[in-house]
Amino acid sequence: MYDITIVGSGVSGIFLAYTLLQSETNLKILMVEKGKEFLDRICPIEIELSGKCMNCKTCNKIQGFGGMGRSEGKFNYTNDFGGNLGDKIGNKLTMDLMENVDKTLCLFGGDKVKIYSTENEELIKLSKGSKYDILNTKVRHLGTKLSYEILEKMYIYLKDKVDIKCETDIITIDKKNNVFRLNIHQNVFRSKVVVLATGISGGDRFLNYCKNFNIVPFRERLDLGIRVEMKGDQLEDILKDSFEVKVRYRGDKFEATTYCMNPKGKVIKKYQEGLVMADGQNQLETDSPSCNLNFSIFVPRYFSCHKKAREYARSIIQSINRGKERIVIQRFGDILKNRETTNCQLFRNSIMPSLAYEGGNLYNEIPKVYIEALLKIFESIESLTGKKISMDTLLYGIDAKFYEPEISTNEFFETKQKGLYITGDCSGVTYSLSQAAASAVYLGRHLLGNEQ
């Protein structure tokens with residue numbers, strides 16, 4: 001019998017377990033993970049066996065100990081974006097919790113990279129009275145290598161204190177005589193408390209866990225948008241004191257935000273949900289930085305259920321992919337004239353695409369709202385810099401950010417089923433490493449308070 005079982009070993013699961021261990025209650029803790037142990041997480045793409053996704057049954061890139069935290073490890077400490085944790089528990093408390101998260105990262109080596117701020121008072125003044133604003137954050141950007149080192153140290157710290165079961169798929173969860181039963185093949189784990197921390201990879205199995213207790217999600221968010229690749233010095237006037245500027249446009253019909261700005265980075269392929277999208281790679285993630293700058297422009301949209309959100313995304317992205325990992329590229333000058341960009345034009349373009357290219361016309365590939373969002377964000381950027389964006393700027397269709405459905409919970413993330421909690425990105429409340437980890441610290445403290 002376990003006191004607390006954590007389902008999932010991503011960032012939220014790790015920080016929850018770590019928080020629970022910072023007391024003398026001697027809790028018996030189980031962590032169950034569908035993916036592999038930390039050192040066994042090897043993606044065929046990463047070791048370039050094939051250069052493309054093999055559609056593994058369990059995705060080592062996003063599943064396994066460390067979850068998505070094993071990627072570039074970008075911790076944004078802010079209430080401006082990355083989730084709605086501040087709305088749920090208060091902005092000040094959220095910032096205090098994220099400060100605690102950062103201190104923990106530094107205990108395991110995170111202080112090898114300096115924290116930086118994107119705040120720019122001059123840009124904030126320029127944006128006043130307009131339909132766009134500047135979002136601010138402090139950032140601890142670990143990079144893939146340092147993220148790996150930190151997660152390895154955290155794994156070593158936890159493995160002798162927490163019962164970690166990797167490559168263990170929980171089929172169902174039920175409750176009998178006030179004890180939860182986590183059913184796997186030919187075995188059952190029993191626990192007084194269960195915390196679902198499956199991140200964004202929980203999928204249908206996570207929904208089935210909830211359904212078993214008549215817990216129904218009430219909405220799901222989906223972000224889609226165009227990935228941009230421009231000249232490296234295009235935004236030098238507003239990036240001179242910061243690594244990134246985050247611009248949000250708020251119109252009558254939609255909201256759009258710049259996301260994942262990568263100076264000297266590259267545009268790469270992202271494999272998720274059986275789809276192929278344009279993604280950004282930071283200069284810290286490559287041995288050969290580019291001369292370009294890339295970022296995405298996302299438009300959030302909410303759906304009544306998980307199925308409808310995924311169907312909408314697939315209808316667009318599968319049409320672009322055409323069953324062959326196709327991503328379409330168009331020059332900014334051509335999208336303004338609603339005309340196709342040819343491969344020949346791309347070959348002569350002053351900005352060379354990071355990806356193997358196929359020219360096209362995004363008006364024929366994606367809903368118009370994502371093009372309108374791009375144009376509005378570009379207008380905002382031009383007003384900030386006082387410069388026109390180069391006609392040779394490249395536009396990739398399309399990037400996407402998936403979320404888990406939002407589940408109704410009380411202020412401590414407890415569902416209507418007593419003793420069943422949901423934390424991190426699978427709650428639908430947090431959308432980032434920092435807020436996911438902060439929500440776990442918050443829940444961990446609450447659970448310790450209940451035990452003491």
Practice task
Start with the C-alpha distance between T198 and V7, add both sets of side-chain angles, then the distance that settles side-chain contact (heavy atoms from CB on, under 4.5 Å), and finish with yes or no.
Solution key: CA-CA 6 Å; T198 56; V7 182; 4.0 Å; yes
Problem - Under-4.0 Å salt bridge between E220 and R301 - result: no
Practice task
For the pair Y370 (side chain) and I398 (backbone), establish whether a donor and an acceptor sit closer than 3.5 Å, ignoring hydrogens and angles.
Solution key: no
Practice task
Looking only at non-hydrogen atoms, find the nearest pair between T430 and Q435 and report the distance.
Solution key: CG2-O, 3.5 Å
Practice task
Determine yes or no for a side-chain-to-main-chain donor-acceptor pair under 3.5 angstrom, with S290 supplying the side chain and G265 the backbone.
Solution key: yes
Completion exercise
Separation between CD (E119) and CG (D80), nearest 0.5 Å, reads 9.5 Å
Problem - V193 and F180, any side-chain heavy atoms less than 4.5 Å apart - result: no
Practice task
Kindly indicate whether a cation-pi arrangement holds for K211 with F213, taking the cut-offs as under 6.0 Å to the six-membered ring centre and within 45° of the axis.
Solution key: no
Exercise for the section: With the side chain counted from C-beta on, respond yes when F218 and I407 share a heavy-atom pair under 4.5 Å apart, and no when they do not. Expected result: no
Practice task
Find out whether Y209 and L420 are in side-chain contact, i.e. whether some heavy atom of one side chain is under 4.5 Å from a heavy atom of the other.
Solution key: no
Practice task
Give a yes or no on whether the backbone of T137 and the side-chain of T78 come within a donor-acceptor separation of less than 3.5 Å.
Solution key: no
Practice task
Inspect the contact between K74 and E244 and indicate whether a charged nitrogen and a carboxylate oxygen are less than 4.0 angstrom apart.
Solution key: yes
Practice task
Could you pull out the closest heavy-atom pair between I4 and V195, with the gap in Å?
Solution key: CG2-CG2, 4.3 Å
Practice task
Please tell me if the side chains of D102 and K138 come closer than 4.5 Å, counting only heavy atoms from C-beta onward.
Solution key: no
Handout entry: Parallel, tilted or perpendicular: rings of F254 and Y249 (30°, 60°)
Key = tilted
Handout entry: Derivation of the side-chain contact (heavy atoms from CB on, under 4.5 Å) call for T118 and Y116
Key = CA-CA 7 Å; T118 66; Y116 66 87; 4.1 Å; yes
Practice task
Say whether, by atom type as modelled, one donor and one acceptor occur between the side chain of D399 and the main chain of S296 under 3.5 angstrom.
Solution key: no
Practice task
Indicate whether the side chain of S354 and that of E229 have a donor and an acceptor atom separated by less than 3.5 Å.
Solution key: yes
Exercise for the section: Decide yes or no for F295 and C260: does some side-chain heavy atom of the first lie under 4.5 Å from some side-chain heavy atom of the second? Expected result: no
Exercise for the section: May I ask you to decide whether E325 forms a salt bridge with K269, counting only side-chain N to carboxylate O separations under 4.0 Å? Expected result: yes
Exercise for the section: Quick one: do N100 and Y442 satisfy side-chain contact (heavy atoms from CB on, under 4.5 Å)? Show the steps, please. Expected result: CA-CA 10 Å; N100 177 274; Y442 174 75; over 6 Å; no
Handout entry: Closest heavy-atom pair and its distance - I329, P353
Key = CD1-CB, 3.9 Å
Problem - CG (N26) with more than 12 external heavy atoms under 6.0 Å - result: no
Practice task
Without swapping roles, check the side chain of N321 against the backbone of V276 for a donor-acceptor pair under 3.5 Å.
Solution key: yes
Fill in the blank from the handout: Here the gap from D3 atom CG to L447 atom CG, rounded to the nearest 0.5 Å, amounts to 10.5 Å
Handout entry: Polar side chain donor-acceptor pair, Y396 to N294, under 3.5 angstrom
Key = no
Fill in the blank from the handout: All heavy atoms of I115 vs all of R140, minimum pair found to be N-NH1, 3.5 Å
Problem - Check ion pair D169-R205 (N to O, under 4.0 angstrom) - result: yes
Exercise for the section: Evaluate whether atom NZ of K161 has more than 12 neighbouring non-hydrogen atoms of other residues, nucleotides or ligands under 6.0 angstrom away. Expected result: yes
Exercise for the section: Please identify each residue that fulfils ring pair (Phe, Tyr, Trp, His ring centres under 6.0 Å) with Y77, with sequence neighbours left out. Expected result: none
Handout entry: N410 (side chain) donor-acceptor with F413 (main chain) under 3.5 angstrom
Key = yes
Handout entry: Residue pair R326, E365: steps toward the salt bridge (Lys or Arg N to Asp or Glu O under 4.0 Å) verdict
Key = CA-CA 12 Å; R326 173 179 177 265; E365 306 278 354; 2.8 Å; yes
Exercise for the section: Compute both the distance and the angle, then confirm whether R219 meets the cation-pi test with Y302: under 6.0 Å from the six-membered ring centre, within 45 degrees of the axis. Expected result: yes
Exercise for the section: Please lay out, stage by stage, how R314 and E273 fare under the test salt bridge (Lys or Arg N to Asp or Glu O under 4.0 Å). Expected result: CA-CA 9 Å; R314 289 192 181 100; E273 303 272 336; 3.3 Å; yes
Problem - Pair T423-S439, side-chain hydrogen bond (donor to acceptor under 3.5 Å, both in side chains): steps then yes or no - result: CA-CA 6 Å; T423 193; S439 72; 3.0 Å; yes
Completion exercise
Taken to the nearest 0.5 Å, the spacing of L27 CG from L448 CG works out to 6.5 Å
Practice task
Give a yes/no verdict on a cation-pi contact between R248 and F81, requiring under 6.0 Å between NZ or CZ and the six-membered ring centre and an angle within 45° of the axis.
Solution key: no
Practice task
Indicate yes or no for a side-chain donor-acceptor contact from S319 to the backbone of S315 under 3.5 Å, with no hydrogens or angles considered.
Solution key: no
Practice task
Return yes if some donor-acceptor pair links the side-chain N/O of K112 with the main-chain N/O of C106 below 3.5 Å, else return no.
Solution key: no
Practice task
Check whether any side-chain heavy atom of I366 sits under 4.5 Å from a side-chain heavy atom of I226, and report yes or no.
Solution key: yes
Completion exercise
When L151, V162, I150 are each screened for side-chain contact (heavy atoms from CB on, under 4.5 Å) with I14, the one that passes is L151
Practice task
Determine, for F412 and K88, whether the Lys NZ or Arg CZ falls below 6.0 Å from the six-membered ring centre while staying within 45 degrees of the axis.
Solution key: no
Practice task
Give a yes or no on whether a salt bridge exists between E99 and K103, defined as a side-chain N under 4.0 angstrom from a carboxylate O.
Solution key: yes
Handout entry: Shortest non-hydrogen contact between T94 and G90, atoms and distance
Key = OG1-O, 2.8 Å
Exercise for the section: Check the pair Y312, L222 against side-chain contact (heavy atoms from CB on, under 4.5 Å), reporting the backbone distance first and the verdict last. Expected result: CA-CA 9 Å; Y312 178 77; L222 170 70; 3.7 Å; yes
Exercise for the section: Answer yes or no: is there a side-chain heavy-atom contact under 4.5 Å between F75 and V101? Expected result: yes
Practice task
Would you kindly say whether N183 and T172 are connected by a side-chain donor-acceptor distance under 3.5 Å?
Solution key: yes
Practice task
Flag this pair as yes if the NZ/CZ of K28 is under 6.0 angstrom from the six-membered ring centre of Y2 and inside a 45 degree cone about the axis; otherwise no.
Solution key: yes
Exercise for the section: Could you check if a side-chain atom of R181 sits within less than 4.5 angstrom of a side-chain atom of K176, using non-hydrogen atoms only? Expected result: yes
Practice task
Mind telling me whether F298 and Y259 have parallel, tilted or perpendicular rings, with 30° and 60° as the class edges?
Solution key: tilted
Exercise for the section: Would you sort out whether Y18 and F108 count as a ring pair (Phe, Tyr, Trp, His ring centres under 6.0 Å), showing the intermediate values? Expected result: CA-CA 12 Å; Y18 180 81; F108 289 92; 5.8 Å; yes
Exercise for the section: To the nearest 0.5 angstrom, please state how far the CD1 atom of I422 sits from the CD atom of E404. Expected result: 10.0 Å
Practice task
Without swapping roles, check the side chain of S12 against the backbone of A436 for a donor-acceptor pair under 3.5 Å.
Solution key: no
Handout entry: Rounded distance [0.5 Å steps], CG in L135 versus CG in D133
Key = 5.5 Å
Problem - Value rounded to 0.5 Å, distance of CG in L235 from CD1 in I238 - result: 4.5 Å
Practice task
Could you pull out the closest heavy-atom pair between T258 and K246, with the gap in Å?
Solution key: O-NZ, 3.0 Å
Problem - Sidechain-backbone polar pair: N79 side chain, N91 backbone, donor-acceptor under 3.5 Å - result: yes
